[in-house]
Amino acid sequence: MENLIQIHQTLFEQPRKTIRRELLDEIDWSHRLICIKGFRGVGKTTFLHNLVREKYLEDKSCLYVSLNNFYFTRRKIYNFADEFYKKGGKVLILDQIHKYPEWSKELRACYDDMPELKIVFSASPVLRVIEGNTHLKNIIKVYHLEGLSFREYLNYRGKFEFPQYTLDEIITNHQQIAQEITNQVKPLAYFEEYLQIGFYPYFLNNKPFYNETLLKHVNLALELDVTYLNQIELKYLPKLRKLLQIIVSEVPFSPNISKISNDVETSRATVMNYLRYLKNARLINMLFSNGGDDQLKKPDLVYAHNTNILFAVEPNNITNRNLRTTFFYNQVGYRHDIKSSDKADFKVNDNYHFIVGGKYTEPEKETYAAADMIEEGSGNKIPLWLFGFLY
């Protein structure tokens, strides 16, 4: 344990250049068991480091450990936590819990036997933390760390402090909000770069190799998160990779499951399962007419999870239409319910119908337009970039 304490102290001796994520302010830290899920490289480790720096920097009752450490190949989390707790430990931060077997059973034992210990841990988005998990289902709070919103990217790149806005605020007051923002910055000057290399924080340290880094994490997500955590044999990995390439080369599209199953050389049922796995891994988004109620059915449309994945995986499928709809789904869908619409491209929160398009796109009856290439809108016509200010 002393070696892990020394690693903790060394990690936090020097300040680091990072992007502070506002999820830090939104989590209810009173819970004793908190999970932070997120895609590889989205910033989970940095998020946990910032948590320590902001809340526990001088607090010796807090300890951050990475479960990548080989120490945990010979010692159980429960025994380690028990020793830490008996020595006065109160906050244990465990990075990458999915690397550890029987993690949920041991966390439950910690929760039951150490009533004054808080555990915060990070995990793959694929990990079943609540679903089907009898050990933790009713005692844990799960939060998702999403990639950077356009607002967060703009704030960092331009050193601004623009706040978040609710969807209702944007819909009812978008002209004033857009004016306040455009009085300080030309958002469209940053928008194209964000669509290419702004969703993941890789640009902080290796901007020239952004796409290579993203591809590495996409492949790791397929090789480790999707296959290992879903207990898929590695021999089926090429089929998963081929499926993702087919999807990203055609999105947004209505999938022909029979054709895809022939192309991937697997069954229709397996294709449907693979689609759900890719969605859970934050690699694709799927649009249904009845939202979550339709998850077992074929989706109406499939999208890449975000525009950066388009540029990295299939740059030949870059069109204005693709970028705009992918951006809208990604930014709005993080915290709002999105379904297919019979009047427009998307139906949001069962109430608002949105047509997504260019600067000449106009709203039709009972719809709103999310229009690209405009700084400010009017009436039911709202700048597309402004939907990047929802988180």
*Asks:* Output every pair passing side-chain hydrogen bond (donor to acceptor under 3.5 Å, both in side chains) with a member in residues 198-209, not counting sequence neighbours, ordered by first then second residue.
*Replies:* Glu193-Lys207, Tyr200-Asn306, Tyr202-His217, Asn206-Thr213
*Asks:* Mind running side-chain contact (heavy atoms from CB on, under 4.5 Å) on Met1 and Phe80 for me, showing each step along the way?
*Replies:* CA-CA 8 Å; Met1 179 175 285; Phe80 175 79; 3.5 Å; yes
*Asks:* Is the Tyr236-Tyr274 ring centre distance short of 6.0 angstrom?
*Replies:*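 Ring-ring flag for Tyr236/Tyr274: false, centres at least 6.0 Å apart.
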*Asks:* Do you know the tightest heavy-atom contact between Pro125 and Arg282?
*Replies:*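 Here Pro125 and Arg282 meet closest at CB-CG, 4.1 Å.
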*Asks:* Under a 4.0 Å N-O cut-off, is there an ion pair linking Glu146 with Arg335?
*Replies:* no
*Asks:* Using 30° and 60° as the class boundaries, would you call the ring planes of Phe354 and Phe328 parallel, tilted or perpendicular?
*Replies:*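 Rings of Phe354 and Phe328: tilted, as their planes differ by 30° to 60°.
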*Asks:* The criterion is ring pair (Phe, Tyr, Trp, His ring centres under 6.0 Å); which residues satisfy it with Tyr228, sequence neighbours excluded?
*Replies:* none
*Asks:* For the CD1 atom of Ile119 and the NZ atom of Lys90, what is their distance to the nearest 0.5 Å?
*Replies:*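 If we round to the nearest 0.5 Å, Ile119:CD1 and Lys90:NZ are 15.5 Å apart.
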*Asks:* Tell me whether Asp263 is salt-bridged to Lys242, with the criterion being a basic N under 4.0 Å from an acidic carboxylate O.
*Replies:*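 Result for this pair is no, no salt bridge flagged.
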*Asks:* Ignoring hydrogens and geometry, is there a side-chain-to-backbone donor-acceptor pair from Asn349 to Asn351 under 3.5 Å?
*Replies:*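 The answer is no, because no donor-acceptor pair under 3.5 Å joins these two groups.
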*Asks:* Scan side-chain atoms only and decide if Ser249 and Asn317 contain a donor-acceptor pair under the 3.5 Å cut-off.
*Replies:* no
*Asks:* Would you sort out whether Lys44 and Leu48 count as a side-chain contact (heavy atoms from CB on, under 4.5 Å), showing the intermediate values?
*Replies:* CA-CA 6 Å; Lys44 298 188 297 297; Leu48 296 179; 5.7 Å; no
*Asks:* Could Lys87 and Glu83 be called an ion pair, given the rule that one side-chain N must be under 4.0 Å from one carboxylate O?
*Replies:* yes
*Asks:* Would you please name every residue forming a side-chain hydrogen bond (donor to acceptor under 3.5 Å, both in side chains) with Asp372, sequence neighbours left out?
*Replies:*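 By the side-chain hydrogen bond (donor to acceptor under 3.5 Å, both in side chains) rule, Asp372 matches Arg324.
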*Asks:* Indicate if Leu204 and Phe209 have the same hydrophobic cluster label, given that clusters are the connected sets of ILVMFWY residues with side-chain heavy-atom separations under 4.5 angstrom.
*Replies:* no
*Asks:* Before you tell me yes or no, could you show the steps for Ser258 and Arg268 under side-chain contact (heavy atoms from CB on, under 4.5 Å), namely the whole-Å CA-CA distance, both residues' side-chain angles and the distance that decides it to 0.1 Å?
*Replies:* CA-CA 6 Å; Ser258 295; Arg268 288 173 52 90; 2.8 Å; yes
*Asks:* Indicate if Tyr360 and Ile382 have the same hydrophobic cluster label, given that clusters are the connected sets of ILVMFWY residues with side-chain heavy-atom separations under 4.5 angstrom.
*Replies:*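 No, no single cluster joins them.
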*Asks:* Check Ile246, Ile284, Ile260, Val248 against Val302 for a side-chain contact (heavy atoms from CB on, under 4.5 Å) and give me the one that passes.
*Replies:*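 Answer after filtering Ile246, Ile284, Ile260, Val248: Ile284.
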*Asks:* Is Arg21 paired with Glu152 through a side-chain N to carboxylate O contact shorter than 4.0 Å?
*Replies:*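 So Glu152 pairs with Arg21 through a salt bridge.
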*Asks:* Could you give all pairs that pass the side-chain hydrogen bond (donor to acceptor under 3.5 Å, both in side chains) test and reach residues 379-391, with sequence neighbours left out?
*Replies:*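 Qualifying pairs: Glu362-Lys381.
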*Asks:* Do the charged groups of Arg40 and Asp225 touch, with an N to O distance under 4.0 Å?
*Replies:*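 Salt bridge between Arg40 and Asp225, a charged N being under 4.0 Å from a carboxylate O: yes.
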*Asks:* In sequence, state the C-alpha distance, the side-chain angles, and the governing distance for His49 and Thr18, and then conclude on side-chain contact (heavy atoms from CB on, under 4.5 Å).
*Replies:* CA-CA 10 Å; His49 288 181; Thr18 63; over 6 Å; no
*Asks:* Examine Tyr153 together with Tyr190 and report whether their ring centres are nearer than 6.0 Å.
*Replies:* no
*Asks:* Under the side-chain contact (heavy atoms from CB on, under 4.5 Å) rule, collect the residues that match up with Asn262, sequence neighbours excluded.
*Replies:* none
*Asks:* Quick one: sort the Phe199 and Tyr194 rings into parallel, tilted or perpendicular, breaks at 30° and 60°.
*Replies:*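 Correct class here is perpendicular.
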*Asks:* Looking at CG of Asp95 and OG1 of Thr45, how far apart are the two atoms once the value is rounded to the nearest 0.5 Å?
*Replies:*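 Between Asp95 CG and Thr45 OG1, I get 3.5 Å after rounding to 0.5 Å.
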*Asks:* About how many Å separate NZ of Lys60 and NE2 of His8, when rounded to the nearest 0.5 Å?
*Replies:* 10.0 Å
*Asks:* Using side-chain hydrogen bond (donor to acceptor under 3.5 Å, both in side chains) as the criterion, list what pairs up with Gln196, not counting sequence neighbours.
*Replies:* none
